[in-house]
Amino acid sequence: MSRPALLLLLPLLVLLAPVQAAEPLPTPEAFAEDKRRVEGYFPLLVDEDTAAVYLEIPADQGDFIFQSSLPRGVGSNDLGLDRGQLHDTRLVAFERFGRRVLLRERNTEYRADSDSAAERLAVETAFGTSVLWGFDVVAWDEAATVIDYTPFLLTDSHALAARLKEAGEGSFAVDAGRSAPYLDRTKAFPRNTELEAVLTFTGAPEGEQLGTVVPEATAVTVHTHHSLVALPEDGYRPRAFHPMSGFWSHDWVDYAQPLEADLVRRVIPRHRLAKQDPDAEQSPPVEPIVYHVDPGVPEPIRSALIEGASWWNDAFEAAGYENAFRVRLLPEDADPMDVRYNVIQWVHRSTRGWSYGSSVRDPRTGEILKGHVTLGSLRVRQDLRIARALTAPFGEGGDPAAATEMALARIRQLAAHEVGHTLGLSHNYVASADGGTSVMDYPHPRLTLDADGEVSLEDAYDVGVGAWDRHAIAYGYGDFAPEEEAEALERIVSAARTAGLRFLSDAEARPADAAHPNAHLWDNGGEPLAELERLLAVRARALETFGPDTLPAGAPYSDLQELFVPVYFLHRYQTEAAAHLVAGLDYRYALKGDGAPAGQTPVDGETQRAALDLLLRTLSAEVLAPPPALLDVVLPKSHGERRTRESPPARTGLAFDAVTPAEAAAEHTLHFLLHPGRLARLAQQHAVDLSIPSVSEVLAAT
């Protein structure tokens, strides 16, 4: 037979060959005979010999929530891979296709909240979904399907490799040979199943961060955690978002909205909370909101943290509840990754970094299922150093205890702030200008000069939640009958406006060309120029006293380099606040028909010129030149010490550089004052009102 004829015959021979039937799958009961069974929401089967983990899926299993997290992190703020970090919360379902099961993530951004199945299907089929993983079926009967979960558990579900690459640290991937399920924290409970793995990422490091936080930069080992969570029980009512609610917005596109309505539905994220007696003015809750504090927090920080977080109960009491918000230590047998626990975790990093409040939410409604606060442990230590640097407390008549108390006062405020985020609240950056109406601002310590002209730390931070916080909790957590809710919320918003409460969030404060004259980060007072004048006076006195008395006994004199930085740059945030007055624009959030003023008013020309003059003063030698005496006392680094990112910039080798910090301070002022967006807005204002400075006037002055 010729070769071409043989090639034509081969497909026919294949078709005629007997097909070998696949081996029948064992039943879940038979498969489980040599494995440890863990009962729970999704029952687990664990092979202790191979450390493999199998998941049993009931036949009637529907949608549920998938949450991945990082219980053991990398420890670098720059990389942002912290212990306790949460990934996205996803609505998912298992779908079986023969001997494969797919984990499909639903698309909750586009939907039809309708009783019509056809209407819902029209949207579901119009937008894509995402299959997160495909599993092998290892056992089956009519009641349940068993899948091998191990391969998915050992994947990079937290996108750590992508984060490392984005940070310039190199290309890394999971090394399966150095990874395994972590059975000690693989558990199941009635409404959630928790699984964990030890993952090792290997690669060729290219950046500078990994080598500072892991023993071998070529192998980064972390833990990743999967939470499979039952959907919340029925009975939760989403609450409408309002710009003056103080909450973030949880939104989606709803194609079932009436023709006249906006397609985008907006609700607020919040915990489920209801009164035992809805008709009572004050009532205990059906279930309180309980936050659990990491027992790894040391004293006296732990007590300060618990005290600050507990401030929120005052706001819930004002909203009609009795003891609805509670803070206690995490039980010894509890896992902080378990979604049943709201937690405040104490996270260590190699360098200072942000603290933050995040949450696990029901993607369908925004209901908060778990509040998760991360507090960086180095923040309180830096606050202590700042307080000591400002007051030189180790000289004759000094008071080191005052510096410690300021640092603890800050941790109280920080705990309250981050817990506020996990209650659903957004930043309110106008609160400090209004006399401290909210812990959701970023507060600069309130520093004063006492009767003797010395820097005082007394009352550096406010105590307790403010009037805005009580308003926000009333809006988000007040218990109203469904038919009365809309009117009740309208009254709450109206009462806040009548009381003069203001709310301005991130968009008004963070950009370098931000326009609002009263929305800033890390500022104080309703008069930005008066506060900058006052803070410059405090700074001048702190620099005069800065020196050996700033250090405790036994500290190297070279530590003065790092302590110098926060004192020298003490005015930087208030400088930014003053810059907001140039081309400033006063306005509020307003909805048509809600009674709020809808206009906007430029800052008057006289005030803008006063701001320009004061900003130019921050560029003067009077402000920029450090005291000459510092050149004698700020020594090069001692043996065993080295410069860090907290050290001031220097071009003078080992010696203290008094010029480069001045350059940085001047650049800071000019960055905000001469931002293109600010100058463009100034040109527009001047074109309408000639009393407002022109761009050429500003440029000529600088």
Side-chain angles (χ1 to χ4, degrees), residues 38-44 53 55-58 60-71 84-96 101-111 113 120 124 127-135 145 147 149 152-153 155 157-159 185-197 224-238 248 250-252 265 267-273 287 289 334-343 357-372 422-424:
V38 183
E39 295 291 352
Y41 177 54
F42 283 103
L44 296 171
V53 180
L55 203 70
E56 184 176 291
I57 307 169
D60 59 353
Q61 176 64 48
D63 292 355
F64 62 98
I65 290 172
F66 174 75
Q67 174 76 54
S68 62
S69 52
L70 197 67
Q85 187 177 79
L86 301 180
H87 205 278
D88 295 336
T89 305
R90 311 172 193 186
L91 183 69
V92 299
F94 285 120
E95 299 176 0
R96 183 179 170 189
V101 166
L102 304 183
L103 180 62
R104 186 194 297 267
E105 180 181 356
R106 307 295 194 202
N107 192 330
T108 57
E109 296 296 317
Y110 301 94
R111 43 182 146 143
D113 294 333
R120 295 196 303 270
E124 290 172 7
F127 295 95
T129 59
S130 298
V131 171
L132 302 181
W133 194 254
F135 303 86
T145 298
I147 61 173
Y149 197 88
F152 182 48
L153 188 58
T155 62
S157 59
H158 203 76
R185 287 174 49 151
T186 295
K187 310 171 184 178
F189 305 95
R191 295 188 60 80
N192 59 301
T193 294
E194 308 289 327
L195 306 101
E196 191 159 315
T224 56
H225 193 91
H226 293 188
S227 296
L228 314 182
V229 186
L231 293 177
E233 296 175 345
D234 293 339
Y236 176 79
R237 294 203 321 270
W248 279 314
H250 181 87
D251 50 64
W252 65 94
R265 290 274 305 278
V267 299
I268 63 172
R270 59 181 184 135
H271 292 266
R272 184 179 304 209
L273 188 69
E287 287 288 339
I289 300 172
D335 188 324
M337 294 296 100
D338 189 336
V339 295
R340 296 176 298 167
Y341 296 96
N342 303 303
V343 296
S358 52
S359 58
V360 177
R361 304 180 192 173
D362 183 342
R364 305 167 305 166
T365 64
E367 179 183 357
I368 297 175
L369 309 179
K370 170 191 175 76
H372 195 103
T422 68
L423 294 173

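Predicted, not measured: the structure shown is a model, and the values here were computed from it.
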Exercise for the section: Verify the neighbour count for atom OH of Tyr341: are there more than 12 heavy atoms of other residues, nucleotides or ligands below 6.0 Å? Expected result: yes
Handout entry: Spacing of CG belonging to Asp335 relative to CD belonging to Glu194, to within rounding of 0.5 Å
Key = 7.0 Å
Handout entry: Verdict with supporting geometry, Tyr41 and Gln61, side-chain hydrogen bond (donor to acceptor under 3.5 Å, both in side chains)
Key = CA-CA 10 Å; Tyr41 177 54; Gln61 176 64 48; 3.2 Å; yes
Problem - Arg340 side-chain N/O to Ala334 backbone N/O, donor-acceptor pair under 3.5 Å - result: no
Handout entry: Any side-chain heavy-atom pair of Phe64 and Asn192 under 4.5 Å
Key = no
Practice task
Find out whether His271 and Leu423 are in side-chain contact, i.e. whether some heavy atom of one side chain is under 4.5 Å from a heavy atom of the other.
Solution key: yes
Practice task
Check the pair Gln85 / His158 against side chain to side chain contact (heavy atoms under 4.5 Å, CB included), numbers first and verdict last.
Solution key: CA-CA 9 Å; Gln85 187 177 79; His158 203 76; 2.8 Å; yes
Problem - Considering all heavy atoms, the nearest Asp63-Ala93 contact - result: OD1-CB, 3.3 Å
Practice task
Locate the shortest heavy-atom distance separating Asn342 from Gly371; write the atom from each residue and the value.
Solution key: OD1-N, 2.6 Å
Practice task
Measure across Val267 and Pro238 and return the closest heavy-atom pair with its distance rounded to 0.1 Å.
Solution key: CG1-CB, 3.8 Å
Handout entry: Minimum heavy-atom distance between Ile65 and Val92, given as atom pair plus value
Key = C-CG2, 4.5 Å
Fill in the blank from the handout: d(Asp338 CG, His225 NE2) to nearest 0.5 Å is 7.0 Å
Problem - Heavy-atom side-chain contact between Arg111 and Arg106 under 4.5 Å - result: no
Exercise for the section: Would you indicate whether the side-chain heavy atoms of Tyr236 and Arg270 approach each other to under 4.5 Å? Expected result: yes
Exercise for the section: Calculate, to the nearest 0.5 Å, the distance between atoms OG and CE belonging to Ser68 and Met337 respectively. Expected result: 11.0 Å
Handout entry: Side-chain touch Thr224/Leu70, heavy atoms, less than 4.5 angstrom
Key = yes
Problem - Rounded distance [0.5 Å steps], OG1 in Thr145 versus CZ in Phe94 - result: 10.5 Å
Practice task
Take Leu91 and Leu231 through the side chain to side chain contact (heavy atoms under 4.5 Å, CB included) test and state the conclusion after the steps.
Solution key: CA-CA 9 Å; Leu91 183 69; Leu231 293 177; 3.6 Å; yes
Handout entry: Main-chain N/O of Leu102 paired to Arg96 side chain as donor or acceptor, under 3.5 Å
Key = no
Practice task
Could you walk me through whether Arg361 and Ser359 pass side-chain hydrogen bond (donor to acceptor under 3.5 Å, both in side chains), step by step?
Solution key: CA-CA 6 Å; Arg361 304 180 192 173; Ser359 58; 3.2 Å; yes
Handout entry: Heavy-atom check, side chain of Thr89 versus side chain of Leu369, under 4.5 Å
Key = no
Exercise for the section: Give the ring-plane orientation class for Tyr149 versus His226, where under 30° counts as parallel, over 60° as perpendicular and anything between as tilted. Expected result: perpendicular
Handout entry: Step-by-step side-chain hydrogen bond (donor to acceptor under 3.5 Å, both in side chains) determination, Ser157 to His87
Key = CA-CA 9 Å; Ser157 59; His87 205 278; over 6 Å; no
Practice task
To the nearest 0.5 Å, tell me how far Ile57 CD1 sits from Ile147 CD1.
Solution key: 4.0 Å
Exercise for the section: For Glu196, enumerate each residue passing the salt bridge (charged side-chain N to carboxylate O under 4.0 Å, His left out) test, keeping only those at least two apart in sequence or located in another chain. Expected result: Arg185
Problem - For Arg237, all residues meeting side-chain hydrogen bond (donor to acceptor under 3.5 Å, both in side chains), sequence neighbours excluded - result: Glu485
Practice task
In plain terms, say whether Asp362 and Arg364 are close enough for a salt bridge, that is, a side-chain N and a carboxylate O under 4.0 Å apart.
Solution key: yes
Problem - Donor-acceptor contact present, side-chain Asp88 to main-chain Arg90, <3.5 Å - result: no
Handout entry: Residue pair Phe135 / Leu55, side-chain heavy-atom distance below 4.5 Å
Key = no
Practice task
May I ask you to decide if Gly84's main-chain N or O and His372's side chain share a donor-acceptor pair within less than 3.5 Å?
Solution key: yes
Handout entry: Criterion side chain to side chain contact (heavy atoms under 4.5 Å, CB included) on Leu44 and Thr193, from CA distance to verdict
Key = CA-CA 8 Å; Leu44 296 171; Thr193 294; 3.9 Å; yes
Problem - Interatomic distance, Leu195 atom CG to Leu228 atom CG [nearest 0.5 angstrom] - result: 5.5 Å
Problem - CA sep, side-chain torsions, deciding dist, call: Thr422, Ile368, side chain to side chain contact (heavy atoms under 4.5 Å, CB included) - result: CA-CA 8 Å; Thr422 68; Ile368 297 175; 5.9 Å; no
